[in-house]
Amino acid sequence: MSRDYVLQPFRSPVQLQIDYAKELNPQQYAAVSSAPGPSLVIAGAGSGKTRTLTYRVAYLIEHGIPADQILLLTFTNKASKEMMRRVNDLLGADLRDLWGGTFHSIGARLLRAHAERIGFRKDFTILDREDSRDLVKACLGDPGIETTDRLFPKADALVDMLSLAVNKYASMAEAIAGDYPQFLPIGGRIEELARRYAARKRESNVMDFDDLQTQCLRLLNEHPDVLQRLQHKFQFILVDEYQDTNTIQGRLIDQLAAIHKNLMVVGDDSQSIYSWRGANFRNILEFPQRYPGAKVYKIETNYRSTPEILQLANAAIAPNKQQFAKELAAARKSGTKPGIVPCSDAGVQAAFVCQRILELHEEGVALSQIAVLYRSHFHVMEVQLEMTKRQIPFLVTSGMRFFEQAHIKDLTAFLKLTANRSDEIAFKRIALMFPGVGAKAAEKLWAAFQAQIRMQELEGAAAADARSRTLAACLQRAGKAAPKKAERAWAQFTTTISQIEPLVGKPGEMIQILIDAFYADYLKETFDNHRHRAEEVEQLGVFAHQFADLDTFLTQLSLLTTAETDDRNSNKGEEDRVRLSTIHQSKGLEYDVVFLIMLCDGLFPSGRSLDTSEGEEEERRLFYVGITRSRNELYLSYPLLRYAQGQGEMPQMQSRFLIDLPADLYEEWNLRQSEFGGY
DNA sequence: GTTAGGGACGCCGGT
DNA sequence: CGTCCCTAAC
C-alpha cells in the first residue's frame, strides 16, 4: 500500500513569536527544543512539567507541524483541558484540531470511527463500574458458572479481577496465578465468567472503561491499514504522567509512534501511584532501552514550594529503594516549617483544620487556594460536618462521580437505549423504575423486547425512516409482558421514547422531554432529597445542550468526574471554596496551603497495602505527592483516637511515614484543650 | 413467586 | 452512604 505524504518544512526561528529560551529555564528549554526523535523527560514535582509540555506543543506548531498531526495524551480531563487552555494562551490560536485528551477519550474517539472493524457498531455505549458489576451479576446466573460455594468472589471483586487481568495484559488464568492465588481452585469458573462477560458486552454492543484501551489496541493489531494511517498521521506524540501508564497504554503509544518515533514522554517515578490499576513502572524505567538513542532530560528545579516543604518531601520519599536518584532543588525563598498536629480525635482535628483555615482566610489566603487532602473518601466526614457547621464553603472533588449518581444514571439510561437498542443494562435499569417491576419482570421484558427487535429486523428494516419508529414500537409491544401496575407508566414511557427518538442531534432537548414527561414526578415519589436531584438533572440538560450528537454526549459524560462537573459550576462565581480531595485526585494540582489529615498507621499507609513492600513504597509515593501539592504552608495531622466500625473508640498510632521524618524538618503543634475542647 | 421496605453492616484509590 | 439480606405484603 502506498500513500502520498507531505512533510511540512520547519520554520526558521526568525518567525517565532515566543522567546522560548527566555521564558523557560535551561533544563526546560532543552526538553522543549529537543530535536525530533524519542525523548524521556524526568520532571520532579513542581518543576514545571505542564509548562514544559505546553511549550513543547507551541514549539512544534510554531515550527509548522499541523495541529491535527500532534497527539497529546493525559490521564485526566482536567489535565487535558488545562494544557489545551495554556497552549491556546501561548499561541492565541484555536487548537480545535489538536488531538488532545485522555487515553480513554482518545480511545473512544478512535473506536467510534472504526467500531465495525472489531465487531461492534459505532453507536456502542459505555459501561461504568456499576454497569460492569450488573453485567457480571447477570453472567453469574449463566450455566457453567456455579457460585454456590461461599468462597466464590462477589461481583465487585470479580470486576476488579477482570480489570486487573486486562490492564496487566495477562490472561485471566495468569492474573489468578499471579495476583489471586487463593482462587486457583475455582480458576476455571472465573475464566469462564470472563469469557461470558466479554460475550455479553459484545451482544449488548457496550464497552467498559478497559475496552476503550484494549479494543483500541486490538483494532491496531488486527487492522494494519488503520494502524498505518494513524502512524503516519501522528507525527508527534506527547504523553503526560508516563509513570502511570499501564502495559496496554504503553503498547498503544509504541504502536502509534512506531514510524516517526517522535515521542516525548514526561513523568516522575516518585509520583507513580496507580500500580493497583495496572500501571507498569517498567514503561518509564525501560524507555531508554525500548527507544535506543532516546534523549533523557531531567528537570529538577522546583518553583512551587518553599525549601522547608521540599526538604520534608525529599525526606519523606528517601526510604524508598526503587527510584531514580534525584533531589529536588528549591528555587524559592524560605518560608515556615511544616507543622505536625496530633489531635485527640477526628472531631478535634476537624475543628483545628477549620479554625486554621478561617485564620488563613483572614490573612488573605483565598479559600480556593487551600486544600484538605486525605487517603480515602471516608476520612473527610468530620471535616465536612465541621465546615458545614461553621459555614465554610467547600468543594468535595472526591466521592461519587456526577455520572454515577442514581438520578443521572436513570436519565442517561433512556438516552443510552435510544442510542444503542442492544444495551441490556440500560434497558433493565429503565424497567426497574416502573412500579411492580423487579428483577424477574425486567428479565421477561428484556426478552420480549429483544424478540420484537428481531422481528422488526426480519420484516425488513430496509427503510431507514421506518427504523426510527422501531424502538418505540418494539417497546410498546414488549410492554405486554409488564405487570398490570406498570401498564400506564409503560404506555407513557413508549410515547416519550417516540418523541425523543428523532432528536438524537439534540440531547439537551431529549433530557428536557424526559424530565417533563415523567422523571420529575418519579423523583418526587422516589427520593427524599428530590429537590437537589431535580436541580442536578436540570443541570445535566443544560450541559447536554452543548452537544450536537448523542453518542458524543454520552461518551463525554461517562468519562467525566465530579471535579470536572463541579468546575462547571464554579464558572458561575462559586470558586472561592476550600478543596477537599483524595490525594490521588489532587495529582498535578497545587495550593497555597495543604492539610494532610488522618495520618494514622493503617489508614495511611492503608492496612491493605502493607502486604507487599511494593505496596508500602507506593503509599510513600502517595504521601510525597500530597506533600508536594503545597506552595507555602503544610499541616500534617492525625487523631489519637478514632471511631472505628463496630469497635468504638480505638487508639491510633501516628503514621509510620511521620515517624520516619527527621524532627528538625517540622514543628510539632500542641492543641490546647480550651480552644478545641467540646467535640 | 415477586416485589418493596426496613435494618444491619462495611468502606482504598480512578478512567 | 450504599449494599445486602430478611420479612411482610401483593
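Chain letters run A, B, ... following the sequence lines, proteins first, then strands; residues in each count from 1.
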Side chain to side chain, [X] and [Y], heavy atoms closer than 4.5 Å:
X         : Y         : answer
Asp410(A) : Tyr522(A) : yes
Trp99(A)  : Leu110(A) : yes
Lys587(A) : Tyr274(A) : yes

| field | Phosphate OP1/OP2 of dG14(B) contacted by Thr582(A) side-chain N/O (<4.0 Å) | value |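 Looking at the OP1 and OP2 atoms of dG14(B), one of them is under 4.0 Å from a side-chain N or O of Thr582(A).
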| request: Determine: side-chain N/O of Lys78(A) to OP1/OP2 of dG14(B), distance under 4.0 Å, yes or no. | output: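 Lys78(A) to dG14(B) OP1/OP2: no side-chain N or O under 4.0 Å.
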Just compare [options] and give me whichever is closest to any side-chain atom of [X].
X         : options                  : answer
His377(A) : dG13(B), dT3(B), dT3(C)  : dG13(B)
Lys137(A) : dT2(B), dC4(C), dG13(B)  : dC4(C)
Arg608(A) : dC11(B), dT2(B), dG14(B) : dC11(B)
Ala441(A) : dG14(B), dT3(B), dC4(C)  : dT3(B)

| Comparing Val437(A) and Ser609(A) on DNA chain B - which has the more 5′ nearest nucleotide |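 Mapping each residue to its closest nucleotide by heavy atoms, the 5'-most match is Val437(A).
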| message | Expressed as a whole number of angstroms, how long is the span from Tyr374(A):OH to dG14(B):C1'? | response |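 Taking atom C1' of dG14(B) as the reference, OH of Tyr374(A) is at 14 Å.
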| said: Using whole Å, what does the distance between atom P of nucleotide dC11(B) and atom NZ of Lys154(A) come to? | reply: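 Nearest whole value for this atom pair: 12 Å.
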| said: Given the structure, check if the side chain of Arg277(A) and the base of dG13(B) hold any donor-acceptor pair shorter than 3.5 Å. | reply: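 When only heavy-atom distances are counted, Arg277(A) does not reach the base of dG13(B) through any donor-acceptor pair under 3.5 Å.
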| Single hit among Arg621(A), Arg608(A), Arg656(A) for salt bridge (charged side-chain N to carboxylate O under 4.0 Å, His left out) with Glu616(A) |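 Passing option: Arg656(A).
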| request: Indicate whether Tyr274(A) forms a stack on dG13(B); treat it as stacked only if centroid distance is below 5.5 angstrom and interplanar angle below 30 degrees. | output: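 No; centroid distance or tilt outside limits.
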